[in-house]
Amino acid sequence: MGLLNFIKDVGEKLFGASEAKAATADELKKELDKHGLNADGLQISVDGDKVTVAGEALSTEDAEKISLALGNTVGVAAVDNQLKVKQATPEAKMYTVQKGDNLWKIAEAQYGKGQGAKNSLIFEANKPMLTSPDKIYPGQVLRIPPLS
């Protein structure tokens, strides 16, 4: 999966994090647990505003969600995803939410005109980090799953 970039002054505020540096590896693991993402066996390291995650994920989707949960926190500018996946599937695109965006508008832009109703796919692909389709914010990075 490689390196994903984030806007480090937006996202979930974790204990010990600031705009200058990411939270500790232990706090980031707690963030994964909060979202129901299995952090067992993962190696998470923090170097300033860069987080590296290694180990094994069950699927490509899980690996992507782990990166997003780590990166959408204050102080993280990049996540180096070195996870190996047990069940590889096509990777999702990553999209950074812009001011004025909503999931309908993002679906139209990513899947084509007249495809706004596919916004539910984007919402489902970003659960449990998204709890409501109306709660996205500028700078947040979302998974845009491929259409089947």
Side-chain angles (χ1 to χ4, degrees), residues 1-103 105-107 109-111 118-148:
M1 190 167 192
L3 192 66
L4 289 172
N5 293 309
F6 295 85
I7 299 173
K8 71 180 191 173
D9 61 347
V10 298
E12 188 76 23
K13 292 182 175 133
L14 303 181
F15 179 76
S18 69
E19 291 180 15
K21 65 179 181 71
T24 65
D26 287 339
E27 290 299 319
L28 290 167
K29 282 185 180 182
K30 288 179 190 175
E31 182 68 5
L32 294 178
D33 288 340
K34 179 180 102 177
H35 294 300
L37 299 167
N38 187 358
D40 293 342
L42 297 185
Q43 297 86 46
I44 298 174
S45 61
V46 179
D47 183 14
D49 62 5
K50 180 181 173 189
V51 175
T52 301
V53 60
E56 191 170 67
L58 292 176
S59 67
T60 304
E61 179 179 346
D62 283 351
E64 291 169 347
K65 286 183 176 187
I66 288 167
S67 290
L68 292 180
L70 296 172
N72 282 321
T73 61
V74 168
V76 176
V79 173
D80 185 5
N81 183 329
Q82 299 178 1
L83 294 170
K84 295 183 180 5
V85 296
K86 288 183 180 181
Q87 184 178 4
T89 56
E91 289 186 12
K93 287 185 195 175
M94 299 298 163
Y95 176 80
T96 303
V97 176
Q98 305 298 309
K99 185 177 181 178
D101 275 349
N102 58 50
L103 292 183
K105 184 176 174 183
I106 295 168
Q110 296 298 310
Y111 297 136
K118 299 229 184 322
N119 70 81
S120 60
L121 294 175
I122 298 170
F123 176 66
E124 291 298 322
N126 287 281
K127 279 182 169 179
M129 284 81 63
L130 288 184
T131 57
S132 166
D134 299 324
K135 291 188 177 181
I136 62 172
Y137 53 86
Q140 181 179 28
V141 179
L142 300 174
R143 292 178 67 243
I144 310 297
L147 293 176
S148 300

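One-based numbering along the sequence shown.
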Point-to-point distance, once rounded to the nearest 0.5 Å, from CG of Asp134 to CZ of Phe123: 9.0 Å
With a 4.5 Å limit on heavy-atom distance, are the side chains of Val79 and Ile66 in contact? no
What distance do Gln82 atom CD and Ser45 atom OG have between them, rounded to the nearest 0.5 Å? 7.5 Å
More than 12 heavy atoms of other residues, nucleotides or ligands under 6.0 Å from NZ of Lys84: yes or no? no
Check whether Asn81 reaches the backbone of Ala63 with its side chain - one donor and one acceptor, N or O, closer than 3.5 Å. yes
Check: Thr24 main-chain N/O paired with Glu27 side-chain donor or acceptor under 3.5 Å: no
Looking at residues at least two apart in the chain, or sitting in another chain, which of them share a side-chain contact (heavy atoms from CB on, under 4.5 Å) with Asn102? Trp104, Lys105
When you look at Leu121 and Leu147, which way does the side-chain contact (heavy atoms from CB on, under 4.5 Å) test go after all the steps? CA-CA 9 Å; Leu121 294 175; Leu147 293 176; 3.6 Å; yes
Mind checking the OH-CG spacing from Tyr95 to Asp101? Nearest 0.5 Å is all I need. 3.5 Å
Side chain to side chain contact (heavy atoms under 4.5 Å, CB included) partner of Lys65, the single match among Leu37, Asn126, Leu32, Leu70: Leu37
Side chains of Lys34 and Glu12: does their closest heavy-atom pair fall under 4.5 Å? yes
Gap between atom NZ of Lys93 and atom CD1 of Ile122 - 0.5 Å precision: 10.0 Å
Not counting sequence neighbours, which residues clear side-chain hydrogen bond (donor to acceptor under 3.5 Å, both in side chains) with Glu124? List them please. Lys127
Do the non-hydrogen side-chain atoms of Glu19 and Val74 ever get within less than 4.5 Å of each other? yes
If you count heavy atoms of other groups shown closer than 6.0 angstrom to CG of Asp47, is the number above 12? no
Residues forming a side-chain hydrogen bond (donor to acceptor under 3.5 Å, both in side chains) with Asp49, sequence neighbours excluded: Lys8
Value for CD1 (Ile136) from CD1 (Ile106), rounded to nearest 0.5 Å, stands at 4.0 Å
So do Asn72 and Phe6 actually touch side chain to side chain, heavy atoms under 4.5 Å? yes
Nearest heavy atoms of Asp9 and Ile7, plus distance in Å: OD1-CG2, 3.0 Å
Spacing of CG belonging to Leu83 relative to CD belonging to Glu64, to within rounding of 0.5 Å: 10.5 Å
I'd like to know if the side chain of Gln43 reaches the main chain of Gly41, judged simply by a donor and an acceptor atom lying under 3.5 Å from each other, with no hydrogens or angles considered. yes
What is the minimum heavy-atom distance between Gln98 and Thr96, and which atoms define it? NE2-O, 2.9 Å
Between Leu28 and Val53, is there a side-chain heavy-atom distance shorter than 4.5 Å? no
So which heavy atom on Arg143 is nearest to which on Leu68, and how close? CG-CD1, 3.1 Å
Can you name the nearest heavy-atom pair linking Ala88 to Thr60, along with the distance? CA-OG1, 3.4 Å
Where do Val46 and Ala22 come nearest, in terms of heavy atoms and distance? CG1-CB, 3.8 Å
Does Ile44 form a side-chain contact (heavy atoms from CB on, under 4.5 Å) with Val51? I'd like the steps, not just the answer. CA-CA 7 Å; Ile44 298 174; Val51 175; 3.8 Å; yes
Taking every heavy atom of Lys21 against every heavy atom of Gly16, the minimum-distance pair comes out as NZ-O, 3.0 Å
Exceeds 12 heavy-atom contacts within 6.0 angstrom, atom NZ of Lys50: no
